[in-house]
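In what follows, a single structure is set out as structure tokens and then discussed.
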Amino acid sequence: MLKNLWYVVLPASQLTAELAPVQLLGQRFVAFRDSAGRAQLLSDICVHRGGSLSAGRKVGDSVQCPYHGWRFAADGICTHIPAQPQLRIPAKARVDAYPTVERYGWIWAFLGDLPESQRPPLPTLDWLDDPEVRVVSGHYDWQASWDRIIENGLDFAHAPFVHGSTFGDAEHPEMDAFDVELADWSAQAHMIMHRPKRLGMLRRKSSTERVSVGTVPGFHLSGPCTTLALELPKGWRIYIVSAHTPIDATHTRTWWMMGRTFLRSRLLDRKFIASNIRIFDQDHAVLKNVRPERVPDTWQTEVSVKSDTLQIAFRKRVQQLEQQGWRIDEARLAQEFTGRKACAIPSPERHNAKAWAIEPIPVVDVSADSES
């Protein structure tokens, strides 16, 4: 799991003025809207005696801890200590507050301490603003790691075997050669997929005739997201974006949106939602049994071939971010922190204020690697 990236917290429609508990990257947070309607996200741990802020209540634009009533403003600074209202509030009486952006119908939070100029961009999803595109959305919970799920979304060699009943062709698993376009925070491939032509009113029966589908899978490290654009016969198009948010190391919540330029009646929305969930179910049946549960740290432990080029691009980019010291040290977290002392993903304000009661979450030390 990585800090210093944008992650989807909730759909914008689900975030209200009420306190909402959220778990991301194995840590707990509290989300809410302030009186101006702006999304706010705070670390959930009260610095006094460890109370859960999300179990408290809103008082104006502050969050009141349910244990001793300490109040924290949207910037994370404690503003009121009921037991000693005349006391000068200690400098350490503050929790981490994280930058948020409301875009594409989602609330995104930057979970890290980089200044604004150094943060990665959000993906560009222009099709969501196209009035000719009918959009449906939802979420899916996995018993699998975020990196395995992303690689699965970039891998079309598995389609004939995992999705033979939906869009794969088990009789023709061959893949044509394809090119990968690399960018600073993303990559995508351009390929032609061949699937059986579907017959019947509900298109469930396959004929011997094959259909060529222009397919553009990709990833963007903000989200982190997988994207997919499909160009079907008749000029029909399908767009999918899936933001894969790690709940913890081996559990992931995917927030997804699918757009279509055809059959745009809302009466058909349930059919398209069910189709997308069915594909996720097929993937989940495989991914929850993959070993190791996480993407390996080295190339040698798994054999890759040319059809894995896009996944390899993803692995290389993630490893570059890990070498910058962004990888959460899960082993140290479990050994030194869990059940013993609190920690939090450091927010940008930690560069300005030096007094903090809660330690920053441990990250993998890359200094030894860089020195060698």
Side-chain angles (χ1 to χ4, degrees), residues 8 10-14 104-106 123 125-130 132-146 148-170 188-189 191 193 195-196 198 200-206 211 213-220 223-234 236-247 251-288 310:
V8 173
L10 285 170
S13 61
Q14 293 185 19
Y104 305 131
W106 286 333
L125 304 171
D126 292 337
W127 55 269
L128 286 169
D129 296 322
D130 187 341
E132 299 301 314
V133 177
R134 175 71 183 172
V135 178
V136 293
S137 62
H139 74 272
Y140 191 88
D141 290 329
W142 309 76
Q143 298 176 41
S145 68
W146 71 279
R148 285 292 196 187
I149 295 168
I150 285 187
E151 285 204 358
N152 175 81
L154 306 175
D155 171 17
F156 277 74
H158 79 278
F161 307 98
V162 179
H163 306 297
S165 62
T166 49
F167 64 90
D169 185 359
Q188 63 180 14
M191 60 181 69
M193 299 297 295
R195 64 166 176 80
R198 303 296 185 186
M201 183 176 298
L202 297 180
R203 302 295 193 268
R204 290 180 176 176
K205 296 181 180 179
S206 300
V211 175
V213 178
T215 306
V216 184
F219 69 84
H220 196 289
C225 296
T226 52
T227 58
L228 179 63
L230 301 174
E231 185 172 353
L232 307 171
K234 301 181 181 180
W236 292 355
R237 290 181 177 271
I238 290 177
Y239 304 94
I240 302 175
V241 57
S242 299
H244 304 293
T245 301
I247 296 174
H251 295 82
T252 304
R253 170 161 286 189
T254 293
W255 301 100
W256 61 269
M257 287 185 279
M258 171 193 283
R260 64 186 190 273
T261 62
F262 58 97
L263 302 178
R264 290 183 294 161
S265 169
R266 68 173 62 249
L267 298 177
L268 296 174
D269 285 354
R270 288 188 179 183
K271 177 181 183 298
F272 283 94
I273 292 172
S275 176
N276 209 42
I277 295 299
R278 185 183 181 193
I279 291 171
F280 282 148
D281 283 341
Q282 291 172 336
D283 285 325
H284 194 198
V286 174
L287 288 177
K288 67 183 180 182
L310 189 55

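Atom set for the values below is all heavy atoms of this structure, side chains included, hydrogens, waters and symmetry mates excluded. Nothing here was measured: the structure is a model prediction, and the numbers come from that model.
We find the CG-CG distance between D283 and D155 to be 9.0 Å, quoted to the nearest 0.5 Å. The OG1 atom of T261 sits 9.5 Å away from atom CD of E231, with the distance rounded to the nearest 0.5 Å. With rounding to the nearest 0.5 Å, the separation of CG in L154 from CD1 in I149 is 12.0 Å. Rounding to the nearest 0.5 Å gives a distance of 3.5 Å between CE of M258 and CG of N276. We find the OG-CH2 distance between S13 and W106 to be 12.0 Å, quoted to the nearest 0.5 Å.
Scored by the ring pair (Phe, Tyr, Trp, His ring centres under 6.0 Å) test, W127 finds Y239 as partners (sequence neighbours excluded). D281 pairs by the side-chain contact (heavy atoms from CB on, under 4.5 Å) definition with Y140, I277, not counting sequence neighbours. For the side-chain contact (heavy atoms from CB on, under 4.5 Å) test, residues two or more places apart in sequence or in another chain that qualify with L128 are Y104, L125, V135, M257. For H251, there are no ring pair (Phe, Tyr, Trp, His ring centres under 6.0 Å) partners at least two apart in sequence or on another chain. Applying the side chain to side chain donor-acceptor pair (under 3.5 Å) criterion to Q143, with sequence neighbours excluded, gives no partner residue. For A189, the side-chain contact (heavy atoms from CB on, under 4.5 Å) partners two or more places apart in sequence, or in a different chain, are F178, V180, M191, P217, L310. Every residue meeting the side chain to side chain donor-acceptor pair (under 3.5 Å) condition with E132, not counting sequence neighbours, appears here in chain and number order: R264. For the side-chain contact (heavy atoms from CB on, under 4.5 Å) test, residues two or more places apart in sequence or in another chain that qualify with Q188 are E181, H190, V216. Considering only residues two or more places apart in sequence or on other chains, D141 meets the salt bridge (Lys or Arg N to Asp or Glu O under 4.0 Å) condition with R253. Scored by the ring pair (Phe, Tyr, Trp, His ring centres under 6.0 Å) test, F156 finds no partners at all (sequence neighbours excluded). Remark: D269 engages R134, R260 in a salt bridge (Lys or Arg N to Asp or Glu O under 4.0 Å) (not counting sequence neighbours).
Across F272 and F262, no two heavy atoms sit closer than the pair CZ-CE1, 3.8 Å. Looking at every heavy atom in both residues, A157 comes nearest to P160 through O-CD, 3.4 Å. Closest approach of I150 and P224 over heavy atoms only: CD1-CB, 3.6 Å.
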Kindly indicate, with the supporting measurements, whether the criterion side chain to side chain contact (heavy atoms under 4.5 Å, CB included) is fulfilled by N152 and H158. CA-CA 8 Å; N152 175 81; H158 79 278; 3.5 Å; yes
Can you list, pair by pair, the side-chain donor-acceptor contacts under 3.5 Å of residues 240-247, counting residues two or more places apart and other chains?
from	atom 1	to	atom 2	distance (Å)
H244	ND1	T254	OG1	2.7
H244	NE2	T226	OG1	3.0
T245	OG1	V8	O	3.1

